[in-house]
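Not measured: the values here are computed from a predicted model. Residue indices begin at 1 and follow the sequence shown. Below, each value reflects all heavy atoms present in this structure, side chains not excepted, and no hydrogens, waters or symmetry copies.
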Amino acid sequence: MSRHRTRLFLLAGAAALVVAAPGSAKRRPEAPLPIAKIYFEYNSSANDLGVHVIADGEDWRRFQLENPAGRKLIRLDARGPYRELGLTELFFEGAEPSLDDVPLDELLALFPEGEYEFEALGVDGVEQVGVGILRHAIPAGPEVTADVGPGDSIAIRWELVDAPPPGFPSRPIDVVAYQVIVEPFQVNLPGTATQVTLPPEFAASLAPGEHPFEVLAIEASGNQTITEGSFTTQ
């Protein structure tokens, strides 16, 4: 082999070594994703369970979510003007199958406890990253009652929740808030609250008949459980 060809081979080998050198790949700059949440929502009245996701960042054109094993669950790519301008807030609900049709153990196995990686690529090339912690600490549904009194007085009451529903994983339950919804009225209350009286002006505006309401128990992990109820006005 000529000296010239040997030199070419040596140069090519050196170039290959440079390309393959550890740490030589250029990494994108990173910034924290301000909001990255994943949580269970259980409807104790309908006996269905689903997983919700909330992400919020600055002008991103690609979003993806990975489970604790590194498996990609979601990837969204912006197109057209959204690719240039970017997206910000993202919220979606997974399907909520009835536990009469999909066994609880199977559904929880699809969404194991642990850290879920959130990644959003900004239009400026900055990778926005966050971690959502998913737990199987799911609170039982509040036991609710409603009292309709004279003078448009409507009170909704519930028992404090400190345990999971029967048959759910045994986890310590720390309910930090309750939410009461009587469309379009909605109020958030601390985890020590056991009742709310609807504002008189709102109660007076309700037409005679049956009115549905929901009381949500919200656990420290973000998981929440709904109990549905109703009251009747004259």
Main-chain N/O of Ala137 paired with Asn223 side-chain donor or acceptor, under 3.5 Å: yes
Following the transitive rule for hydrophobic clusters with a side-chain heavy-atom cut-off under 4.5 Å over Ile, Leu, Val, Met, Phe, Trp and Tyr, establish whether Phe92 and Leu107 coincide in one cluster. yes
If the condition is side chain to side chain donor-acceptor pair (under 3.5 Å), which residues does Gln128 pass it with, not counting sequence neighbours? none
What residue pairs, at least two apart or across chains, pass side chain to side chain donor-acceptor pair (under 3.5 Å) with a residue in residues 198-214? Glu210-Ser230, His211-Thr233
Rounded to the nearest 0.5 Å, the OG1 atom of Thr225 sits from the CG atom of Leu49 at a distance of 8.5 Å
Sorted by chain and number, sequence neighbours left out, side-chain contact (heavy atoms from CB on, under 4.5 Å) with Asp101 holds for Ser98
Mind checking the CG-CZ spacing from Asp59 to Arg61? Nearest 0.5 Å is all I need. 11.5 Å
Rounded to the nearest 0.5 angstrom, the CG-CD distance for Asp174 and Glu219 is 6.0 Å
Leu110-Ile138 co-clustered via ILVMFWY side chain contacts under 4.5 Å: yes
Could you list all the salt bridge (charged side-chain N to carboxylate O under 4.0 Å, His left out) pairs where at least one residue sits in residues 30-53, not counting sequence neighbours? Arg27-Glu30
With sequence neighbours left out, the residues meeting salt bridge (charged side-chain N to carboxylate O under 4.0 Å, His left out) with Asp147 are Arg157
By side-chain contact (heavy atoms from CB on, under 4.5 Å), which residues pair with Leu76, not counting sequence neighbours? Phe63, Ile74, Leu90
Between atom CZ of Phe118 and atom CD1 of Ile54, what is the distance when rounded to the nearest 0.5 Å? 9.0 Å
Transitive ILVMFWY side-chain link Ile181 to Tyr39, under 4.5 Å: no
Common cluster, Leu65/Leu108, ILVMFWY with side-chain heavy-atom separation under 4.5 Å: yes
Can you list the residues that meet the side-chain contact (heavy atoms from CB on, under 4.5 Å) rule with Ser45, with sequence neighbours excluded? Asn43, Thr227, Glu228
With Arg62 via salt bridge (charged side-chain N to carboxylate O under 4.0 Å, His left out) - residues at least two apart: Glu127
From CD1 (Ile38) to CG (Leu134), nearest 0.5 Å: 5.0 Å
Ignoring hydrogens, what is the shortest heavy-atom contact between Pro29 and Gly125? Give both atom names and the distance. CD-O, 4.1 Å
Using links of under 4.5 Å between side-chain heavy atoms of ILVMFWY residues, direct or through other members, which residues join Val180 in one cluster? Val144, Val148, Ile154, Ile156, Trp158, Leu160, Val161, Ile173, Val175, Tyr178, Val182, Phe185, Val187, Leu189, Val196, Leu198, Phe202, Leu206, Phe213, Val215, Phe231
With rounding to the nearest 0.5 Å, note down the distance linking CG in Leu104 to CG in Leu99. 5.5 Å
Is the ring pair Tyr42/Phe168 parallel, tilted or perpendicular, if the boundaries are 30 and 60 degrees? tilted
My understanding is that only residues two or more places apart in sequence, or in another chain, count here; which of them pass side chain to side chain donor-acceptor pair (under 3.5 Å) with Gln179? Asn188
Qualifying side chain to side chain donor-acceptor pair (under 3.5 Å) pairs, either residue in residues 109-125, two or more places apart: Gln64-Glu119, Glu113-Arg171
Quick check, are the ring centers of His136 and Phe40 under 6.0 angstrom apart? yes
Do any pairs count as a side chain to side chain donor-acceptor pair (under 3.5 Å) and have a residue in residues 75-91, sequence neighbours left out, and if so which ones? Arg75-Asp77
What is the minimum heavy-atom distance between Pro139 and Ala217, and which atoms define it? CG-O, 3.6 Å
For Gly130 and Leu33, work out which heavy atoms get closest and say how close. N-CB, 3.9 Å
